[in-house]
Visitor: 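I'd like to ask some things about the structure below.
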Amino acid sequence: VLMTCPPPDPYLVEQLEKRFTLYKFHSIPDKAHFLNSNKASIRAVVGNASAGADAQLIHQLPNLEIVSSFSVGLDKIDLAKCKERGIRVTNTPDVLTDDVADLAIGLMLAVLRRLCQSDRYVRSGQWKKGDFKLTTKVCVFFLLNIDEVITTLGYISQVNPDCSASLGTLGMPIGTVFILIQILVLVFVSVGIVVDSSFTIIQDWEIGCLGFTGKSVGIIGLGRIGLAIAKRAEAFRCPISYHTRTEKSDVKYKYYPSVVELAANCQILVVACALTEETRHIINREVINALGPKGVLINVGRGPHVDEPELVSALVEGRLGGAGLDVFQDEPNVPEELFGLENVVLLPHVGSGTMETRKEMADLVIGNLEAHFLNRPLLTPVL
Ligand code: NDP
């Protein structure tokens with residue numbers, strides 16, 4: 001068995017090693033040399049969402065019989081080539097549906113309610129310092145505007161003798177007032193009320209926080225995962241609409257034959273379809289603009305569903321309200337422009353990443369391989 005992806009789960013590796021001779025392709029330095037020496041003995045490939053079996057690899061493995069993927073998505077497997085060669089293909093449907101749908105809802109809540117930012121606020125100790133927010137702002141005002149304050153006070157004392165007089169009746173000449181203000185500022189700063197930009201950010205997210213219940217949710221792909229997301233969002237009283245290639249007769253949600261129309265008519269747009277040549281960049285500039293500055297994009301499908309540079313510029317320019325992303329175009333490389341944006345939540349492709357589901361996925365991968373080699377029906381066949 002050739003595992004083409006980095007080992008996705010220790011249990012899977014342990015179980016494969018118990019039953020088969022396992023080659024971990026990812027950690028083999030000279031892959032060409034390895035394939036030359038071992039190609040005849042490789043009868044199965046195990047891959048996942050990051051690496052599967054492309055045409056080139058399939059071509060190099062003359063005795064390949066089965067590709068068993070530790071994923072439901074099949075976009076890393078050349079299905080046409082497998083079909084042509086009579087190679088069986090299996091994946092891991094259903095067992096991961098709930099986790100991915102849960103995560104999609106989690107992303108919606110995290111983006112709208114700014115959960116990650118709030119967590120960072122507490123961990124950084126800013127919550128405690130926040131008690132001094134007003135005082136610090138006064139200090140910052142005086143520090144930044146001390147010239148204006150001096151000029152204004154000087155001006156007032158010239159044109160308004162009453163004011164000057166009242167300061168005078170307090171027994172405080174204007175010069176003393178300036179010095180007192182400066183001493184006050186220095187005292188505040190020196191006792192550790194650190195002036196930093198987080199105060200402005202706190203204000204921003206307090207303003208930017210939005211509710212989830214009742215927001216309209218548009219879903220691209222109403223398959224196992226899309227439908228599970230819809231059911232969950234319904235419980236939050238969200239009106240649901242969707243786009244697929246053909247309208248479903250068995251659901252009551254509103255159907256849009258075009259993605260742009262769907263985007264223009266929802267507040268949260270979720271990508272949950274399969275990645276194919278047709279759905280690559282299904283989220284493009286036109287769709288993003290239709291979703292608009294108050295819209296939120298959630299991607300739990302695959303990175304290439306989204307034209308990533310377009311998404312980044314829309315978020316940076318404020319043409320899109322926010323995004324919750326579990327997947328990226330070139331994982332694990334995430335556009336750094338997104339790191340500073342507080343209306344964005346970034347996850348390292350963990351849609352199915354729970355202990356329970358990863359074990360069920362591993363059992364399916366192993367069960368399919370065993371079934372194949374024992375000439376039994378495959379558990380979850382694709383081809
Ligand atoms: P399903 O096969 O059940 O659903 C796929 C959906 O995609 C169908 O509703 C299909 O509808 C739709 N679809 C296919 N082609 C198009 C198209 N051209 N335009 C619009 N819709 C289309 O798959 P799952 O729900 O189980 O999984 C969906 C995807 O989620 C996977 O392919 C995978 O990429 C991703 N995923 C991500 C995970 C993560 O960790 N983030 C984990 C697991 C899956 P129709 O055929 O009617 O057009």
Side-chain angles (χ1 to χ4, degrees), residues 5 8-12 15 46-50 68-76 90-113 115-116 212-244 248 250-253 266 268-275 279 296-303 305 323-328 331 345-368 378-382:
C5 52
D9 179 72
Y11 169 77
L12 174 67
Q15 294 302 313
V46 169
N48 72 356
S50 70
S68 183
S69 193
F70 185 79
S71 71
V72 70
L74 299 161
D75 45 283
K76 294 284 180 186
T90 66
N91 63 347
T92 59
D94 299 313
V95 295
L96 46 65
T97 299
D98 285 336
D99 278 342
V100 183
D102 290 352
L103 193 89
I105 299 291
L107 278 172
M108 294 178 208
L109 284 164
V111 173
L112 290 166
R113 299 298 305 270
L115 296 183
C116 301
F212 172 46
T213 293
K215 289 263 181 318
S216 54
V217 173
I219 304 172
I220 304 175
L222 204 68
R224 289 170 290 245
I225 293 170
L227 202 56
I229 294 168
K231 283 184 181 155
R232 284 158 174 73
E234 266 192 283
F236 287 87
R237 299 198 299 277
C238 299
I240 312 291
S241 50
Y242 71 101
H243 166 77
T244 49
K248 315 259 166 231
D250 53 347
V251 296
K252 57 185 183 305
Y253 311 128
C266 68
I268 303 168
L269 183 64
V270 188
V271 183
C273 60
L275 177 63
T279 62
V296 170
L297 177 76
I298 302 293
N299 190 4
V300 291
R302 289 283 184 264
H305 278 132
L325 309 169
D326 184 40
V327 286
F328 301 88
E331 295 167 7
V345 174
L346 309 168
L347 302 182
H349 199 149
V350 290
S352 62
T354 65
M355 303 284 284
E356 300 95 326
T357 294
R358 289 287 160 98
K359 180 172 181 304
E360 285 190 77
M361 290 167 70
D363 286 338
L364 272 182
V365 168
I366 295 152
N368 276 310
L378 299 179
L379 307 180
T380 47
V382 176

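Since this is a predicted model, take the numbers as computed values, not measurements.
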Visitor: Can you tell if the side chain of Val345 reaches within under 4.5 Å of the side chain of Leu325, non-hydrogen atoms only?
Guide: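 Sidechains of Leu325 and Val345: no contact.
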Visitor: Could you pull out the closest heavy-atom pair between Pro8 and Arg358, with the gap in Å?
Guide: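 Scanning both residues completely, I find the closest heavy atoms to be O-NH1, 4.0 Å.
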Visitor: Supply the atom-to-atom distance Asn299 CG to Leu347 CG, rounded to the nearest 0.5 angstrom.
Guide: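 Rounded to the nearest 0.5 Å, the CG-CG separation comes to 11.0 Å.
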Visitor: Check ring-ring contact (aromatic ring centres under 6.0 Å, His included) between Tyr11 and all other residues, then give those that pass, not counting sequence neighbours.
Guide: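 If we apply the ring-ring contact (aromatic ring centres under 6.0 Å, His included) test to Tyr11, skipping adjacent residues, there are no hits.
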Visitor: In Å and rounded to the nearest 0.5 Å, what is the CG to CG distance from Leu12 to Asn48?
Guide: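 If we round to the nearest 0.5 Å, Leu12:CG and Asn48:CG are 9.5 Å apart.
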Visitor: Quick check: closest heavy atoms across Ala233 and Val217, and the distance to 0.1 Å?
Guide: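 Shortest heavy-atom contact: CB-CG2, 4.3 Å.
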Visitor: Roughly how far apart are Ile225 CD1 and Asp102 CG, rounded to 0.5 Å?
Guide: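 One finds 11.0 Å between CD1 of Ile225 and CG of Asp102.
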Visitor: Roughly how far, to the nearest 0.5 Å, is CE of Met361 from OG1 of Thr92?
Guide: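 Here the rounded value is 4.0 Å.
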Visitor: With no hydrogens and no angle check, do the side chains of Thr354 and Asp99 hold a donor and an acceptor under 3.5 Å apart?
Guide: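 Result is yes, a qualifying pair exists.
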Visitor: Can you tell me which residue among Leu297, Ile298, Val327 is in a side-chain contact (heavy atoms from CB on, under 4.5 Å) with Val271?
Guide: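 Of all the options given, the one that passes is Leu297.
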Visitor: Decide if atom NZ of Lys231 counts as having more than 12 heavy atoms of other residues, nucleotides or ligands within a radius under 6.0 Å.
Guide: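 No, not enclosed.
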Visitor: For the pair Ser50 and Lys76, evaluate side chain to side chain contact (heavy atoms under 4.5 Å, CB included) and give the outcome as yes or no after the intermediate values.
Guide: CA-CA 7 Å; Ser50 70; Lys76 294 284 180 186; 5.7 Å; no
Visitor: When you look at Thr90 and Ser68, which way does the side-chain hydrogen bond (donor to acceptor under 3.5 Å, both in side chains) test go after all the steps?
Guide: CA-CA 5 Å; Thr90 66; Ser68 183; 3.1 Å; yes
Visitor: Going by heavy atoms in the side chains, are Val296 and Met108 under 4.5 Å from each other?
Guide: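 They are not in side-chain contact.
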Visitor: Do Thr380 and Asn368 have side-chain N/O donor and acceptor atoms under 3.5 Å apart?
Guide: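 A donor-acceptor contact under 3.5 Å links the two side chains.
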Visitor: Between Thr279 and Ala274 (side chain of the first, backbone of the second, donor and acceptor by atom type, cut-off under 3.5 Å), is there such a pair?
Guide: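 Indeed, once roles are kept as given, a pair shorter than 3.5 Å links the two residues.
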Visitor: Mind listing the closest non-hydrogen atom pair of Gly73 and Arg302 along with its distance?
Guide: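 Between these two residues, the closest heavy atoms are CA-NH2, 3.5 Å.
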Visitor: Minimum heavy-atom separation for Glu331 and Asp326, please, with both atom names.
Guide: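 Scanning both residues, the minimum pair turns out to be OE2-O, 4.4 Å.
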Visitor: Give the C-alpha distance, both sets of side-chain angles, the deciding distance and a yes or no for side chain to side chain contact (heavy atoms under 4.5 Å, CB included) between Val251 and Ile240.
Guide: CA-CA 10 Å; Val251 296; Ile240 312 291; over 6 Å; no
Visitor: For the CG atom of Leu364 and the CZ atom of Phe70, what is their distance to the nearest 0.5 Å?
Guide: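 Result: 10.0 Å between the selected atoms.
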Visitor: Should Val95 and Val72 be marked as a side chain to side chain contact (heavy atoms under 4.5 Å, CB included) after you check the CA-CA gap, both sets of side-chain angles, and the distance that decides it?
Guide: CA-CA 9 Å; Val95 295; Val72 70; over 6 Å; no
Visitor: With rounding to the nearest 0.5 angstrom, report the OH to NZ distance, Tyr242 to Lys248.
Guide: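 If I round to the nearest 0.5 Å, the distance is 6.5 Å.
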Visitor: Report yes if some heavy atom in the side chain of Phe328 is under 4.5 Å from a heavy atom in the side chain of Leu346; otherwise report no.
Guide: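 Yes. Closest side-chain heavy atoms under 4.5 Å.
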Visitor: Measure across Leu103 and Gly351 and return the closest heavy-atom pair with its distance rounded to 0.1 Å.
Guide: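 Where Leu103 meets Gly351 most closely, the heavy atoms are CD2-CA, 3.7 Å.
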Visitor: For Phe212, check ring-ring contact (aromatic ring centres under 6.0 Å, His included) against everything at least two apart and list the hits.
Guide: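 Checked Phe212 against ring-ring contact (aromatic ring centres under 6.0 Å, His included); matches are Phe236.
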Visitor: Salt bridge (charged side-chain N to carboxylate O under 4.0 Å, His left out) between Asp98 and Arg232: does it pass, once the steps are laid out?
Guide: CA-CA 10 Å; Asp98 285 336; Arg232 284 158 174 73; 3.0 Å; yes
Visitor: If the threshold is 4.0 Å, N to carboxylate O, is there a salt bridge linking Lys252 and Glu234?
Guide: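 Between Glu234 and Lys252 there is a salt bridge, with a charged N closer than 4.0 Å to a carboxylate O.
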Visitor: Ala362 and Asp9: which non-hydrogen atoms are nearest, and at how many Å?
Guide: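 Closest approach of Ala362 to Asp9: CB-OD2, 4.2 Å.
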